[in-house]
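For reference, the structure is listed below as structure tokens.
By convention in this document, chain letters (A, B, ...) are assigned in the order of the sequence lines, proteins followed by strands, and residues within each chain are numbered from 1.
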2 protein chains.
Amino acid sequence: MTPSQSESARLDAQMAFLMEADRLKAITRATRNHDGRFENSAEHSWHLALFALVLGEHAPEGISVERVIRMLLIHDLVEIDAGDVPFFGEVDEAAKTAEETAAAERLFGMLPQAQGADLLALWHEFEANETPDARFAKSLDRFQPPNLNLASGGGSWDDYNVTHDVFEARMGPKIRHGAPALWDWLAPRVKAFFSRR
Amino acid sequence: MTPSQSESARLDAQMAFLMEADRLKAITRATRNHDGRFENSAEHSWHLALFALVLGEHAPEGISVERVIRMLLIHDLVEIDAGDVPFFGEVDEAAKTAEETAAAERLFGMLPQAQGADLLALWHEFEANETPDARFAKSLDRFQPPNLNLASGGGSWDDYNVTHDVFEARMGPKIRHGAPALWDWLAPRVKAFFSRR
Ligand SMILES: [Ca+2]
């Protein structure tokens with residue numbers, strides 16, 4: 001869209017996007033909330049944004065909490081077309097990346113042009129996992145589920161037969177990458193949980 | 001808590017708060033998502049934050065989108081203790097306010113002292129509905145449900161036997177208060193919906 005478009009036409013596009021986004025509430029994840037119900041990707045995105053709001057001081061280098069929150073609010077929208085990929089499941093990475101990229105282009109392409117391009121760039125930044133903001137956001141996305149598993153007494157670890165060694169090997173590097181202080185806090189708690197089994 | 005507390009002790013408090021916040025996912029609202037399922041207050045908070053992110057340009061005066069997003073991320077946490085109040089339901093306002101204030105003090109009181117005080121002040125600002133940021137945030141909170149009702153073909157309007165006149169009288173002023181441009185966009189769409197019945 002161009003700047004000459006009226007406010008009403010911009011709103012038409014923005015509201016179509018926001019009502020399409022409503023569908024994220026119907027995307028089910030592999031993680032369970034602490035009442036045992038499978039988490040959906042919309043409430044997950046809210047929870048992560050709240051994690052960023054509260055835990056920003058623990059980022060390892062200068063980050064913008066506001067940009068991290070924005071990233072986390074939009075990071076899972078692609079699942080509307082592409083679905084959620086359980087972390088401990090199996091997936092064809094290349095096919096999944098292509099599917100998610102197409103989804104991002106379709107969804108953010110519903111918005112007025114410059115606004116959609118900004119959000120598409122923010123989503124690519126998150127996915128690339130290289131800037132401090134993206135690294136912290138990605139690490140929060142990995143840090144929240146084990147905390148839900150601890151709260152629900154096993155959760156997706158049980159559903160996927162995850163052992164402590166597998167958890168440490170696969171999740172440790174991903175959380176440490178952008179949030180070493182959060183990993184240092186979490187690791188002994190997960191260890192204690194598995195050792196009590 | 002005091003600044004001399006270790007990072008680990010701050011994290012203990014912050015994580016207790018964040019895991020308590022998980023309970024917002026189990027608070028059911030009167031509004032239905034466009035698939036007909038009743039919305040919960042966590043996914044609602046995510047949706048509203050996304051509304052703020054996308055619609056900030058339509059605020060009537062200078063606002064900080066980032067502060068509005070923060071407000072919306074925390075605005076419903078009190079429902080963990082106090083429950084949701086359907087807009088078209090009946091309620092004892094004074095009792096509800098006392099209950100929600102106690103909830104806010106308990107929940108934000110779980111955080112390190114200065115951080116909790118900041119979020120409590122932000123929640124009070126939202127509730128007071130006087131600053132431009134709070135007015136826009138409150139108006140988004142009123143603007144989203146009718147859009148879901150339009151998408152689901154009636155939703156809470158049918159559940160509460162809401163007529164077009166009642167909608168205009170009770171919702172119009174609340175949305176116009178902080179977001180007149182959004183009301184101007186919405187009002188004819190709602191009118192057309194009711195006139196087709
Ligand atoms: Ca995800």
Non-hydrogen atoms of chain B under 4.5 Å away: do they reach the side chain of Ile69(A), the backbone, both or neither?
side chain
Would you please test Glu130(A) and Glu125(A) for side chain to side chain contact (heavy atoms under 4.5 Å, CB included) and show each step?
CA-CA 7 Å; Glu130(A) 285 165 3; Glu125(A) 180 182 335; over 6 Å; no
Contact leader toward chain B among Leu55(A), Val65(A), Asp35(A), where contacts are heavy-atom pairs under 4.5 Å
Leu55(A)
Using 30° and 60° as the class boundaries, would you call the ring planes of Phe51(B) and Phe143(B) parallel, tilted or perpendicular?
perpendicular
So do the side chains of Trp157(A) and Val190(A) get within less than 4.5 Å of each other, counting heavy atoms only?
yes
Could you tell me which of Leu11(A), Asp184(A), Leu148(A) has the largest number of non-hydrogen atom pairs under 4.5 Å with chain B?
Leu11(A)
With no hydrogens and no angle check, is any side-chain donor or acceptor of Ser139(A) less than 3.5 Å from a backbone partner on Phe136(A)?
no
Side-chain donor/acceptor of Asp84(A) to backbone N/O of Arg29(A), under 3.5 Å:
no
Does Arg106(A) reach the side chain of Glu20(A), with side-chain heavy atoms less than 4.5 Å apart?
yes
When you measure from the side chain of Asp22(A) to the backbone of His34(B), do you find a donor-acceptor pair of N or O atoms at a distance under 3.5 Å?
yes
Please classify the contact between Leu72(B) and chain A as side chain, backbone, both or neither, with a heavy-atom cut-off of under 4.5 Å.
neither
4.5 Å side-chain heavy-atom contact, Val166(A) and Tyr160(A):
no
Chain B contact via Leu150(A) - which portion, at a heavy-atom distance below 4.5 Å:
neither
Which bit of Arg23(A) is near chain B, if near means a heavy-atom gap under 4.5 Å: side chain, backbone, both or neither?
both
When only pairs under 4.5 Å are counted, which of Glu57(A), Glu39(A), Gln115(A), Arg189(A) shares the most heavy-atom pairs with chain B?
Glu57(A)
At a heavy-atom separation under 4.5 Å, does Asn40(A) approach chain B through its side chain, its backbone, both, or neither?
side chain
Given heavy-atom pairs under 4.5 angstrom as the criterion, report whether the side chain, backbone, both or neither of Ala151(A) touches chain B.
side chain
Taking non-hydrogen atoms and a cut-off under 4.5 angstrom, which of residues 91-100 of chain A neighbour chain B?
none
For Leu119(A), is it the side chain, the backbone, both, or neither that has a heavy atom closer than 4.5 Å to a heavy atom of chain B?
side chain
Greatest number of heavy atom pairs closer than 4.5 Å to chain A - which of His47(B), Gln14(B), Arg70(B), Lys25(B):
Lys25(B)
Which pairs would a plain distance check flag for residues 167-182 of chain A, meaning a side-chain donor or acceptor within less than 3.5 Å of a matching protein atom at least two apart in sequence or in another chain?
unit_1	atom_1	unit_2	atom_2	d
Glu168(A)	OE2	His164(A)	NE2	3.2
Arg170(A)	NH2	Phe87(A)	O	3.1
His177(A)	NE2	Asn129(A)	O	3.4

Please confirm whether the backbone N or O of Glu79(A) pairs with a side-chain atom of Asp76(A), one donor and one acceptor, at under 3.5 Å?
no
Taking the side chain as every heavy atom from C-beta outward, state whether Asp141(A) and Phe126(A) have any atom pair closer than 4.5 Å.
yes
Pick from Gln144(B), His58(B), Arg37(B), His44(B) with the largest number of heavy-atom pairs that fall under 4.5 Å of chain A:
His58(B)
Any side-chain donor-acceptor pair under 3.5 Å between Asn149(B) and Ser156(B)?
yes
